[in-house]
Amino acid sequence: MTNLPLPSPSRSFFSKLLLCTHEKNLKQGQILHSQIIQTGSSSSCLFVANAIVNFYAKCHRLTEAKLAFEEIQNKDVVSWNCLINGYSQLGGSRNSSFVMELFQRMMREESENNVYPNGHTFTGVFTAVPDLKSPLGAGKQAHSVAVAFDSVSDVYVGSSLVNMYGKLGLVCDARKVFDRMPERNSFTWVNMICGYAVQRLGVEAMRVFKLMVGVEEWGLNEFVLTSVLSALATTEFIVSGKQIHCLAIKSGLLSVVSVGNAIVTMYGKCGSLDDAVKTFELLSDKNTISWSALITGFAKSGDSEKALELFSKMNSFMMKPSEFTLVGVLNACSDIGAVGEGKQVHGYLVKLGFESQIYIMTAMVDMYAKCGCVTDARKGFDYLQEPDIVLWTSMIGGYVQNGQNEDALVLYCKMQIGGIFPNELTMATVLKACSSLAALEQGKQIHANVVKYGFSLEIPVGSALSIMYAKCGSVNEGNLVFRRMPTRDVISWNSMMSGLSQNGYGNEALELFEQMMSEGTKPDYVTFVNVLSACSHMGLVERGWIYFNKMSNEFGIVPTVEHYACMVDLLSRAGKLTEAKEFIESSPTEHGLCLWQILLSGCRNYRDYDLGAYAGEKLMELGSKESSAYVLLSSIYTLLGRRGDVERVRRMMNLQGVNKEPGCSWIEMKSQVHVFVAGDQMHPQDKHIRTEVQRLSKLIKDEGFKPVFDLLCADLES
DNA sequence: ATAGGGTTAG
């Protein structure tokens, strides 16, 4: 190594290597490399040696870069930086953890070789940190090393540090670094804004953006605009979004296709589809992303028909859909249960060779499951060699959505055997399967898994867990989990209330409602279904009326059929049958089928046959398909001795093609599920069970309890 | 003479 003027071969090799690096010309560079080895230039000139490392690194040949690096005897800081940045720029968790290894080795060897990290080193390191498996500690440590080496005032280092903290979700730390930087450029501002954008902090992003425009207007470019737009993806930011739209027009940056696309996306996510369409139509330059943005916008806002329509229009313009387009279209199909269109997209994605892309296949599995085609969903799932946790969860969730809860649990076990680590959504999904099965034992095992994997009782898991316990009848455990949840949303409150109310703890459910209100959580329509049904269980007619009126007057929630049903149930159970009848007749007529049915059952319990007959006739008029309605009505006429009417009801029942679904119940004991269908004699211990039922019935009768048998007897006699 | 940061839009 020498500081003397270089011999001319080295100088020429060096400049040729630079050219190959710039052009990423691997072949030419390799030829040069072999010539360099023959003349011995690499061992005599550090510049040439470093250029070789850099050349291989830039051509993504990291193995060769590493070999060339290790051959250098007197590595200087540039040698290290070329290799570190080579790995850092390629990204991924393996490369990034190797960056950290190199960085540590460099620090270990620093004193013996007199090599110290500089700004170039730290930028590479900070870029690698977010890709690490556990990035937090490493990031903070590297930051403090950079402080010790007095590197953080460098604008490159500072910007990459802001970027690092932003990606780690530590936007406050990013902001601290940002505020202390003596110099900022366009990169710095974009990184800061993106940090806010990923946290959905639109107000902060806007504030920083305005600061930038005020301080250094020259910094406005397409990157700044797209990053601030990505932070404005909800309805509350629509005004800011329009401001940015104006600015994009004034600055002429709207003609940049990425900016136009970002604006279409922003309007789509804000639910302003009219503005999205207008902007889209005025785009001077449309690409597949523009179309995807619009299609996804419609799909997300619930107008799935329009999304599908746009998709076929896109095809007629010969615009090739990307994987993102197809994901959007598949989501639209799931939403409206359009399995026909979904199948077409399936064929299309196979044709385009997207069959091994996990995101698309996940959307497809989801589509089939939501359309009720679980077998097709499973086929798609089985097609992929290495499903990721999102796909596993989608398939398990697909089973749950279709009521195949046992299959969901079986698949979860298979996943565990395969050593796949579940995420929070997986746990919530499996717990839902347990809730639906009322499978307490399995539920407890999943709870053990929750603890084992270290999931917190945050909303998805904590909520699902408390619901599971409540639905399985373990109200105390459910309540315990609920109390220990760090935060609760309206859904968690609703679920706990329904769990309490279903298990006979109506007063506790109402108490919970008052508590929810005092903690400032806004109730939704489900909350009131729970409240009213709790009132109904407890026979609290007055309170029921108060809540029913409060719902629309104070909270602006329009009552749905469920609320009307709760009220009719409440009045019927309390024996206020005439009041119930009047309430039904003052309610929207389209709820009739549901409401008269409830009143009819109420009339049976209170033996009010005249009103029962009235309700039953209403149900027949409305064309009820409910077998119990016809059975009850004909029983009533039997009791009233109106033979002709009995015949008429029977004829109507046959005419409507009403069939009685047999009642079914089940219980899980010693990890075996025992199923009972009304009238069957399938259970191996059927005789025993019947004897026991007879014994219990006798006990009940001896206690003086008289069941409502007369209607049933009437039905049997006729 | 050699080494460094934004992937933002679906």
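Each chain gets a letter, A, B and so on, in the order its sequence line appears, and its residues count up from 1.
Looking at heavy-atom distances under 4.0 Å, A:V155 makes contact with a base. Within the nucleic acid shown, A:K300 has no heavy atom closer than 4.0 Å to any nucleic acid atom. Residue-level contact check: A:S322 touches the bases, meaning some heavy atom is under 4.0 Å from a base atom. Base engagement by A:S258 is indicated by at least one non-hydrogen atom pair under 4.0 Å involving a base atom. Base contact: A:N221 has a heavy atom under 4.0 Å from a base atom.
What separates CD1 of A:I289 from P of B:dT8 is a distance of 10 Å, to the nearest Å.
Counting only N and O atoms by type, the side chains of A:N261 and A:S290 include a donor and acceptor under 3.5 Å apart. Between the side chains of A:S255 and A:S284, no donor N or O sits under 3.5 Å from an acceptor N or O.
By the 4.5 Å heavy-atom criterion applied to side chains, A:D366 and A:L330 are not counted as neighbours.
The base of B:dG4 lies close enough to the side chain of A:D154 for a donor and an acceptor atom to sit less than 3.5 Å apart.
Ion pair A:K167/A:D131 not flagged as a salt bridge, since none of the NZ, NE, NH1 or NH2 atoms sits closer than 4.0 Å to an Asp/Glu carboxylate oxygen.
The listed nucleotides are B:dG4, B:dT2, B:dT7; the one nearest the side chain of A:D76 is B:dT2.
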